[in-house]
Structure formats: structure tokens, C-alpha cells
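Just so you know, residue 1 is the first one in the sequence shown, and it goes up from there.
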Amino acid sequence: MRALCWNGVNDLKVETVADPVLVNPHDAIIKVGLTTTCGSDLHVIDGLIPSMEEGDILGHEFMGEVVEVGPEVKNIRRGDRVVVPSFIACGSCWYCQHHLFSCCDNTNPNAHMQEQILGYPTAGIYAYSHAFGGYAGSHAEYVRVPFADNDCFVVPDGVPDEQALFLSDAAPTGYMGADFCNIHPGDTVAVWGCGGVGLMAAQSAYIMGAEKVIAIDRFPERLTMARDLVGAIPLDYTKVDIYEALLELTHGRGPDSCIDAVGMEAHGEGLQYAYDKTKQALRMHTDVGTALRQAIYCCRKGGTLSILGVYGLMDKFPLGVAMNKGLTIRTAQQHGQHYMKALLTHAERGELRTDFLATHRFSLEDSPRGYEMFKNKEDGCVRAVFKP
């Protein structure tokens, strides 16, 4: 089959590789219908996530058709149209039983690679380095899905492919971020980042009852989407002082909740940003913490900080600010399996729109160009979608 492979930092090629096969009786093979880029992929491509190997297949956000199932798979069958969360969960360990699916104990065969840093390993995830399991990704014609009964969700007929695609990762991540905020009627939620996850977090905050959602970014086309398609109040951090603007919009109190949907490759301005970029370039730490630090500073006293952006190692973390203000901090990799039923229901009812994230479409053969546009945000690219 054909697949998009990582061959080194910023070196992507579409190559012919072996077709996936059933390895365990609970596996399924999915013919990929659509797969998309994600901001987390850029961390891999840029070499910020260690333990990638030449030839690894990229991609972790996808939907498609079941073409083969193992003998122990009971809940899906050939021909089913399914969406698959990006984190792989067994469904039976203590963490899965408590719906902490991205913390699954049984799906990362390389757990030892994480234990020295994290103490306890995460679940496996498609195409996110060998430290996260070494699983082949979805930017391919076919992909193997372990624990298919727990990780494949049949898409209702009323939900088109492009709506279902983003229920794999962007929508559940954003929805989880809003859920972490424990939103009450009348709340104001500020979201840093108007990429796929940020737009989904903003939309989800409204679904959960927020009165006002403020979206922060610097790209006019993304801020326009946040305003026109989600109903958020857009703020361009290159044109206004975000702290002062948030105070004005919240009558001097600050947002009740702040969601960081940016992560380790945040853009910024000033001396702190230059410091972060220098240390990142020298591999002295992995993260540019501009958005996260600003969210902590801007959140009201006693408010909630929801961290969705992916981080590794960062210094100058303002823990004292969070402690003295009494912030509640919640963060996780997405527990997609926990939210999938609700997301499919919202999508089927038209309450949650995701298809507008698909700003650019490519064949799999043209996927390197798709990543180039996505990374450089050319032509207003929010997400590049590939159809094998």
C-alpha cells in the first residue's frame, strides 16, 4: 500500500510499504476513508518528539471502512463506517474502567521508554513515536486498529465523512477541554489558539452553556472562523493587550476558565519568546510556553485552566501565579472513547459542526504538500485532509 512516511526532521515521503495484517484476535483492519493533519504531528515532524524511526507512517486522526476483523471482535463488522480515537485503549484495565482512556495500561508496548520521564506511561497512540507504542499511522491506505471493539465507533448515516473525521481527535480534545472547565450558565471562557482543537473547544464551551467565548490568535482567517462559524469574540494578540482586553470583556474580573489549545510551539513576542526559542533550538528544553503562561496570568482568581496543548519540558513555569490565585488546573491527552457517544449525537443533530476545519483537500500522494501548507498556514489552511 501507499503511505506517508517520516524519514527525518522535516523529511516526508509517500512510499510503498507492507499492508497491515491482523496481529491479535481483537484487531481490525480499516480502509482509510479520510485522514487529516494535526498540530501534534508538527511536533513529530520538527523532531521535538524523540524516538521516531525512519520509515514510520504518520497520522493519527482518521475514519474509514472496516475490511477485516479478528475472531474476538464482536461489535463491528466488515463494511461498517467507523471513526477511531487517536489514543488506543484496551477498555478493561483500571484506567479504562475509570474512563481515563489515554492513560490505558495495556496499549503501550514500549512503556519503559516513558517511565523514566513520566513515572507511569500513557496509552499507545498511532504514529506518535516509539515511546508512544510505535504504532503505524493513518496517512495510508489501510491501518490496523487494536482493541477494535473498544476503539471503533460506527458512524450514523446522517453524519458525513468530513464531520466524522474530526471526531477522531480535534473534536474530542476540544470537547474534553471545555468539559474540564466545569462551565456554569453565565461563564466566560477564553481559548488560546484557533486551530482545529481551539475552534472545537470554543464551540463545545457554548454547547456546555458558556455565555461568552473569547478566541485568541493572530491569523485573521482563523479569527474570522471563530467569530462567524462559532460565535466567539475574536482577539488578535498582535494588535491588543490580551490581559487588558480580557479584563474589559469580563468587567474587571477575568475569564472564569482559560483553555490552552496551542502547546509547545506557540508563537509569541518579546524577550521571553526569544529566550524560549533559543533554548528550544539548543535542545535545552522542548517548549515555547507563551500561550500557557498568558492563560495562567489572565485567568480569574479561583478559575480553571484547561491545558490541551501538547508539552514536553518547559522552564519558567509560573506555578506561584497559579497557586496564589487558587487556580484549578486540568489537563490530559484526549479520552476520546469517553466522549464519542455524545459527539456523534451532537454531530447527528447538527449541534456540533466540524467539517469547516477541512479547508484544504489532497490525495495521499500529495500529502507532503498538504503538510507544507498546514505547517506554514498557507492560504488560510486550518487542516489538510487526505483521501487515500
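- Annotation: E248, atom CD; neighbour count of heavy atoms from other residues, nucleotides and ligands within 6.0 Å does not exceed 12.
- Taking all atoms of both residues into account, the shortest heavy-atom contact from G195 to V382 is C-CG1, 4.3 Å.
- Ring planes of Y371 and F386: tilted class, angle from 30 to 60°.
- Counting all heavy atoms, side chain and backbone alike, L327 lies closest to G302 at CD2-N, 4.3 Å.
- Under the 3.5 Å distance criterion, with hydrogens and angles disregarded, no donor-acceptor pair is assigned to the side chains of D149 and H26.
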query = Can H338 and F101 be said to form a ring pair (Phe, Tyr, Trp, His ring centres under 6.0 Å), step by step?
reply = CA-CA 7 Å; H338 174 68; F101 292 103; 7.1 Å; no

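- Between D161 and R81 a salt bridge is recorded (basic side-chain N to carboxylate O distance below 4.0 Å).
- Considering only heavy atoms from C-beta on, I45 stays 4.5 Å or farther from F374 through its side chain.
- Contact of the M225 side chain with the C194 side chain is not registered, since no non-hydrogen atoms from C-beta on lie closer than 4.5 Å.
- Separation of atoms OH (Y206) and CD (E211) is listed at 9.0 Å; rounding is to 0.5 Å.
- Around the NZ atom of K387, the shell of radius 6.0 Å holds no more than 12 heavy atoms that belong to other residues, nucleotides or ligands.
- The closest side-chain donor-acceptor pair between Y237 and H267 falls under 3.5 angstrom.
- Within 6.0 Å of the CG atom in D157, the count of heavy atoms belonging to other residues, nucleotides or ligands does not exceed 12.
- Under the rule for a side-chain contact (heavy atoms from CB on, under 4.5 Å), P220 has no partner lying at least two apart in sequence or in another chain.
- In this structure the side chain of D228 never reaches within 4.5 angstrom of the side chain of F356, judged on heavy atoms.
- Atom-to-atom distance recorded for L165:CG and D355:CG is 10.5 Å, nearest 0.5 angstrom.
- Note that CZ of R222 is 15.0 Å distant from CD1 of I216, once rounded to the nearest 0.5 Å.
- Between atom CG of residue L199 and atom CD of residue Q203 there is a gap of 8.5 Å, rounded to the nearest 0.5 Å.
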Trace of the side-chain contact (heavy atoms from CB on, under 4.5 Å) decision for L292 with F317 = CA-CA 9 Å; L292 180 56; F317 182 83; 3.6 Å; yes

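- Considering all non-hydrogen atoms of both residues, Y135 and P146 come closest at CE2-CG, 3.7 Å.
- No side-chain heavy atom of V191 sits less than 4.5 Å from a side-chain heavy atom of I214.
- Checked for salt-bridge contact, E378 and R369 meet the test: a charged N lies under 4.0 Å from a carboxylate O.
- Residues D169 and Y126 bring no donor and acceptor atom of their side chains to less than 3.5 Å of each other.
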request  = Please lay out, stage by stage, how S102 and H335 fare under the test side-chain contact (heavy atoms from CB on, under 4.5 Å).
outcome  = CA-CA 5 Å; S102 67; H335 305 304; 3.0 Å; yes

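- Qualifying ring pair (Phe, Tyr, Trp, His ring centres under 6.0 Å) partners for Y339, counting only residues two or more places apart in sequence or in other chains: Y175.
- Open room surrounds CD on Q116; 12 or fewer heavy atoms of other groups in view lie less than 6.0 Å from it.
- Atom SG of C90 is separated from atom CG of D105 by 8.0 Å, given to the nearest 0.5 angstrom.
- The environment of CZ in F219 is crowded: more than 12 heavy-atom neighbours from other residues, nucleotides or ligands sit within 6.0 Å.
- The local environment of NZ in K31 is sparse, with at most 12 non-hydrogen atoms from other residues, nucleotides or ligands closer than 6.0 Å.
- Using a 4.5 Å cut-off on side-chain heavy atoms (C-beta onward), L352 and L343 make contact.
- R383 is listed as a side-chain neighbour of F166, based on a closest heavy-atom distance under 4.5 Å.
- Using a 4.5 Å heavy-atom cutoff, the side chains of F362 and T37 are not in contact.
- A salt bridge links D27 to R144: one of the charged nitrogens lies within less than 4.0 Å of a carboxylate oxygen.
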key: Step-by-step side-chain contact (heavy atoms from CB on, under 4.5 Å) determination, C5 to E15   = CA-CA 7 Å; C5 298; E15 302 174 1; 3.7 Å; yes

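- Using a 4.5 Å cut-off between side-chain heavy atoms of Ile, Leu, Val, Met, Phe, Trp and Tyr, with links allowed through other members, M314 and V321 fall into the same hydrophobic cluster.
- Side-chain contact between C152 and D80 is absent, with no heavy-atom pair separated by less than 4.5 Å.
- Between H130 and N110, the closest heavy-atom pair is O-ND2, 2.7 Å.
- In this structure, a donor-acceptor pair under 3.5 Å is present between the side chains of T16 and R2.
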